2 protein chains.
Amino acid sequence: MRSFPADQEIVRDGDDPDHCCLLIEGFMHCYKQLETGKRQIVSFHIPGDLPDLQTMQLNVMDHALGTLTPCVVAFIPHRALHLLVGEFPNLAVAFWRDSLINAAIFREWVVNVGCRPGPQRLAHLFCELFYRLETVGLAHKDGCEMPLTQAVLGDATGLSSVHVNRMMQDLRGRGLIATKAKFLQILDREKLQDFAGFDPTYLHMKEVLSP
Amino acid sequence: MRSFPADQEIVRDGDDPDHCCLLIEGFMHCYKQLETGKRQIVSFHIPGDLPDLQTMQLNVMDHALGTLTPCVVAFIPHRALHLLVGEFPNLAVAFWRDSLINAAIFREWVVNVGCRPGPQRLAHLFCELFYRLETVGLAHKDGCEMPLTQAVLGDATGLSSVHVNRMMQDLRGRGLIATKAKFLQILDREKLQDFAGFDPTYLHMKEVLSP
DNA sequence: CGGAGTCTTGACCGTTGTCAATGTTGGTGG
DNA sequence: CCACCAACATTGACAACGGTCAAGACTCCG
């Protein structure tokens, strides 16, 4: 287990690691850096996530993994994971399900970036983060910690940081959210979801594992 | 095994199917229909693909699956797949890998839609399709079948069909591609990949299964 | 108190969307 | 073999969304 400061690259694009990360505390993100200078964040990760579980099966990292805030990360050798999976086949199923749910989130991100206008795009991202944080007990009744700068939100939504700023003002103006310091207050969850066209089905949270 | 005409929905958003599809012939796509009327295609599928393999683990479809061209599809009951996986654990690993590679493709789509300009976005999609078709022996030396209308390409790239048209002209004007009927000719693969910023690593094609 | 990082604002520009009309093509039936 | 039709591709004019640049305000932290 190790601690890292904010904005630190933990796994590099092209790496071939022999262990997986388990995020204990803090926010991480997966991203790709383009040669044009642009950067696209492809996922956010919160405590409890295994952000690079796929390295158990895919040798080469096709993206980078880094911290957004100070983080505590546990490293688990692939060897140990493979032994565990061999011993507890249900764990293999759980890992597979994890991968599938991640894929479902990626799909929704494609939709978000591909065809929602600025304000809805941000609103949708907020809904998703709120749901996920809620699931692991890290949300409050009326909102959640949101230690993401507007530049980071821009890299995740395909918008410029200036435009993110304007769209946040738009959302505040609509009475959907409020922000103080690094806390995102959700003023009316129903309205926010309706506005964003958010449907939590894709997070597959209510489904029960088949025996 | 059944045949379907073009533009037919095979699995609906919200369904809870008890079988998986194996695409034998033709092109399929996964997509989400928004209430705003917009549609986002999240993946294309070619012969050999299992486009809804995730239904083995995730009960509810969070997107739709349909044909783009006339297709031949084989249906395999989940029950049969679970039995197979029980008998041949390597198959479970293969399925997991399949899901992971699909996820990698989704990640790249997020990047594509999120931060590449129109022409590069189309070029990148063409590179991906060419690689994948090549892998299953369905490409020619200088290009591949491309039975996708400009409206479909638009729904996949987050562009309007009118803009797709203009960007195609741009690519033709740069001497990168040519199109006749439903065939996409790739005039200079190197140049096209460079232009698109395409790096096939994310397709994880050269990697060997660990024993 | 000072400074770095972040947020906010305004002006302007470029990319992309929309609408509507016109070509073009492949397939079908006479 | 030809006429016709529907789907698709193409064009032009215009509008809107979002990007860029540059400056200034705020906030947190040492």
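Keep in mind that this is a model prediction, so the values were computed, not measured. Residue numbering restarts at 1 for every chain, and letters A, B, ... go by the order of the sequence lines.
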Visitor: Any side-chain donor-acceptor pair under 3.5 Å between B:Asn112 and B:Glu108?
Guide: no
Visitor: Send over the distance from A:Arg121 CZ to D:dG18 P, rounded to a whole Å.
Guide: 6 Å
Visitor: Without decimals, in angstroms, what is the distance between B:Gln40 CD and C:dG17 P?
Guide: 12 Å
Visitor: Could you tell me how far apart A:Leu159 (CG) and C:dT16 (C1') are, to the nearest whole angstrom?
Guide: 14 Å
Visitor: Could you check which of C:dT16, C:dC7, C:dT9 has an atom nearest any side-chain atom of A:Gln150?
Guide: C:dC7
Visitor: In this structure, how many angstroms lie between the C1' atom of D:dA7 and the CG atom of B:Leu153, rounded?
Guide: 15 Å
Visitor: Using the closest heavy atom to pick a nucleotide of DNA chain D for each, name whichever of B:Val162 or B:Asp7 lands nearer the 5' end.
Guide: B:Asp7
Visitor: Check every strand shown and say whether B:Gly154 touches a base, only sugar-phosphate, or nothing at a heavy-atom separation below 4.0 Å.
Guide: nothing
Visitor: From NE2 of B:His163 over to C1' of D:dA16, roughly how many Å is that when rounded to an integer?
Guide: 14 Å
Visitor: Can you tell me if the side-chain N/O atoms of A:Gln169 get under 4.0 Å from OP1 or OP2 in C:dT9?
Guide: yes
Visitor: Spell out yes or no: do the side chain of B:Arg166 and the base of D:dG12 have one donor N/O and one acceptor N/O closer than 3.5 Å?
Guide: yes
Visitor: Touch check for B:Thr149, heavy atoms < 4.0 angstrom, all strands: base, sugar-phosphate only, or nothing?
Guide: sugar-phosphate
Visitor: Figure out the CG/C1' separation between B:Asp170 and D:dT11, and round it to whole Å.
Guide: 16 Å
Visitor: Could you state the CG-P distance from B:Leu122 to D:dA9, rounded to the nearest angstrom?
Guide: 12 Å
Visitor: Using 30° and 60° as the class boundaries, would you call the ring planes of A:Tyr31 and A:His29 parallel, tilted or perpendicular?
Guide: tilted
Visitor: Nearest-Å distance, CE (A:Met167) to P (C:dT9)?
Guide: 12 Å
Visitor: Check every strand shown and say whether A:Lys38 touches a base, only sugar-phosphate, or nothing at a heavy-atom separation below 4.0 Å.
Guide: sugar-phosphate
Visitor: Salt-bridge test for B:Arg174 and B:Asp170: reply yes if a basic N is under 4.0 Å from a carboxylate O, no otherwise.
Guide: yes
Visitor: Which part of the nucleic acid, if any, lies within contact of B:Arg116, taking any heavy atom under 4.0 Å across all strands shown: a base, the sugar-phosphate backbone alone, or nothing?
Guide: nothing
Visitor: Measuring from the side chain of B:Asn165 (C-beta onward, heavy atoms only), which nucleotide among C:dT16, D:dT11, D:dG18 has the closest atom?
Guide: D:dT11
Visitor: Of the candidate nucleotides D:dT10, D:dG19, C:dT9, which contains the atom at the shortest distance from the side chain of A:Ser160?
Guide: D:dG19
Visitor: For A:Trp96 and B:Phe95, take the angle between the two ring planes, folded into 0 to 90°, and tell me which bin it lands in: parallel under 30, tilted 30 to 60, perpendicular over 60.
Guide: tilted
Visitor: Reckon A:Lys182 touches a base, only the sugar-phosphate, or nothing at all at heavy-atom distances under 4.0 Å?
Guide: nothing
Visitor: Please identify which of these residues, B:Leu65, B:Ile46, B:Asp49, meets the side-chain contact (heavy atoms from CB on, under 4.5 Å) condition with B:Met28.
Guide: B:Leu65
